[in-house]
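Okay, so here's the structure we're looking at.
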There are 2 protein chains.
Amino acid sequence: MSLPHAILTALLEKPSSGLELTRRFDKSIGYFWSATHQQIYRELGRLEESGLIRVLPAERPARGQKKEYEVLPAGRDELAAWVGRPEDPKPVRDPLLLRLRAAGVVGTGGLVAELRRHLGLHRGQLAEYEAIEERDFPPGPSGAEDRLRHLVLRGGIDLETFWVNWLTQALADVEGGAQRSRSRDTR
Amino acid sequence: MSLPHAILTALLEKPSSGLELTRRFDKSIGYFWSATHQQIYRELGRLEESGLIRVLPAERPARGQKKEYEVLPAGRDELAAWVGRPEDPKPVRDPLLLRLRAAGVVGTGGLVAELRRHLGLHRGQLAEYEAIEERDFPPGPSGAEDRLRHLVLRGGIDLETFWVNWLTQALADVEGGAQRSRSRDTR
DNA sequence: CGGAACATGTAAAAAGTTACATGATTAG
DNA sequence: CTAATCATGTAACTTTTTACATGTTCCG
């Protein structure tokens, strides 16, 4: 259950309104924890009720009016405790790997196009991450926060690199295999 | 929504009862699509209702009695269509990357132990996958189904390798950084 | 004023998780 | 007979997703 902690982190980095948070969950934070605005508004309500965050004063609390939140000490404490709390990695659940397995029993119809499409998407994401790395993390000494953020970005880069390499190999294999089957058939 | 397709794939590979499926979702299939027995029983009910699978005849349909399911032609068709159906990769949502980012704002208390623990878990999983690869996929020519299964296993291996490498680097970085901070502090 | 963009929300459905309930079979 | 294991389920809850609803501000 990490959404509240994602929001606490984002708000500590910079107090924001729901919509501003939504935008940040489409970019930086969203690169490793995605969330929609519905999730965010609901969770903001819960966090406020639990006393972990509060609305910044001087607010007109009405629908359609901007509400800025900031983290209270209790919220910071909760986040600090969560950072070191043991939590096992979730078992993998990847539809593309599953589809490959399914293709083993019902055939690869249409799957090659889908693999190619995913390869393109992952290549695009990788390029985006690498541009960010070049822009935000020049070589040389850096503070603790910057090093941690760079490490997270590195995670994203390495993960996309894995996908690009694996998909490339998968395509070569599936297409090559299809070819081998054809040549066997025609022999 | 891939659980029904995971079950169809498993049932095509071998007709099974709910509990047998549960066990297989703890092993082979579960390596890339996990599911609990509650999910499986509920989904088996739905799939039967939709006419994609059926209970094998010669059954005593009572509580506590084994019920074996098999895939009907409609189920196979649905699975074949799903294999090529476009579906974007889900955005990444990883608690560990998030915790690293959070550590940037509230400090790394307890996180190093957690990173080390995860490194151990991923090393274990990697070893398990590699043992399976050695046992089930000896070098040499192989059929289409085997090649696809091997490809999926390769995905698991590469993914765990990514985690092992990234965690190793993260640990070196976080501990090294802490050391640098300490030596700066004491200067 | 009218429409676009901003901003916050509600409702319902689907998927996943956790805890518990119940009957059948088998080994000691 | 009784405990363990096999086997199938129910119930309650949480999380995520999708679709919709409503009000505000600003620009032309």
Side-chain angles (χ1 to χ4, degrees), chain A residues 1-8 10-11 15-26 29-30 32-50 53-56 58-69 82 87-95 98, chain B residues 1-8 10-11 15-26 29-30 32-50 53-56 58-69 82 87-95 98:
Chain A
M1 217 203 40
S2 311
L3 177 58
H5 301 103
I7 292 180
L8 288 173
L11 286 181
S16 310
S17 68
L19 191 63
E20 280 162 10
L21 280 177
T22 302
R23 291 202 214 296
R24 293 168 60 197
F25 274 82
D26 278 341
I29 304 263
F32 48 91
W33 197 274
S34 67
T36 63
H37 76 110
Q38 292 89 339
Q39 276 181 287
I40 289 168
Y41 283 117
R42 179 155 37 87
E43 198 62 45
L44 282 172
R46 284 184 198 159
L47 285 169
E48 189 184 8
E49 201 180 1
S50 330
I53 64 174
R54 66 162 184 177
V55 179
L56 277 178
E59 291 306 330
R60 305 140 299 180
R63 202 184 180 113
Q65 296 290 350
K66 195 193 232 180
K67 266 163 80 179
E68 287 233 305
Y69 291 90
W82 176 74
E87 190 184 308
D88 283 352
K90 290 255 166 299
V92 175
R93 208 177 254 176
D94 187 275
L98 180 58
Chain B
M1 217 202 40
S2 311
L3 176 59
H5 302 102
I7 292 179
L8 287 173
L11 286 181
S16 310
S17 68
L19 190 61
E20 280 161 10
L21 280 178
T22 301
R23 293 202 213 296
R24 292 168 60 198
F25 274 82
D26 278 340
I29 304 262
F32 49 90
W33 198 275
S34 67
T36 62
H37 76 110
Q38 293 88 341
Q39 277 181 285
I40 289 168
Y41 283 117
R42 178 150 42 89
E43 199 61 44
L44 281 173
R46 286 184 197 159
L47 286 169
E48 189 184 7
E49 202 180 0
S50 331
I53 65 174
R54 67 161 183 178
V55 180
L56 278 178
E59 291 307 331
R60 305 141 295 182
R63 201 186 179 108
Q65 297 288 352
K66 196 194 235 185
K67 266 163 78 178
E68 287 231 307
Y69 291 91
W82 175 74
E87 190 183 309
D88 284 351
K90 290 254 166 300
V92 175
R93 209 176 253 177
D94 188 275
L98 181 59

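Throughout, a chain's letter reflects where its sequence line sits, starting with A, and its residues are numbered from 1.
For a distance-only test at 3.5 Å, the side chain of B/Arg42 qualifies as a donor-acceptor partner of the base of C/dG16.
As rounded to whole Å, 14 Å separates atom P of D/dA7 from atom NZ of B/Lys67. If you take OH of B/Tyr41 and C1' of C/dT18, they are 17 Å apart, rounded to a whole angstrom. Atom NE2 of B/His37 is separated from atom P of C/dA21 by 14 Å (rounded to the nearest Å). Counting to the nearest Å, the C1' atom of D/dC6 and the CD1 atom of B/Ile40 are 15 Å from each other. Distance B/Glu20 CD to D/dG9 P: 14 Å, rounded to the nearest Å. Remark: C1' of C/dA14 and CG of B/Leu3 are 12 Å apart, rounded to the nearest angstrom. In this entry the distance linking CZ of A/Phe25 with C1' of D/dT16 reads 14 Å, nearest Å. Remark: P of D/dG9 and CZ of B/Arg46 are 14 Å apart, rounded to the nearest angstrom.
Side chains of B/Leu19 and B/Tyr41 form a contact here, defined as non-hydrogen atoms less than 4.5 Å apart.
Where A/Met1 and A/Gln38 meet DNA chain D, the nucleotide closest to each residue was compared, and A/Met1 sits on the side nearer the 5' end.
Each of A/Lys67, A/Lys66, A/Arg24, A/Glu68 was compared with A/Ser16 under the side-chain hydrogen bond (donor to acceptor under 3.5 Å, both in side chains) criterion, and only A/Arg24 meets it.
Looking at every heavy atom in both residues, B/Ile40 comes nearest to B/Gly18 through CG2-O, 4.1 Å.
Counting any heavy atom pair closer than 4.0 Å across all strands shown, B/Ser17 reaches sugar-phosphate atoms only and no base atom.
Considering only side-chain atoms of B/Leu19, the nucleotide from D/dT17, D/dA7, C/dT8 that sits closest is D/dA7. Candidate nucleotides C/dT17, C/dC6, D/dT17 were compared by shortest atom distance to the side chain of A/Gln39, and D/dT17 ranks first.
For the pair B/Arg93 (side chain) and A/Trp33 (backbone), a donor-acceptor distance under 3.5 Å is absent.
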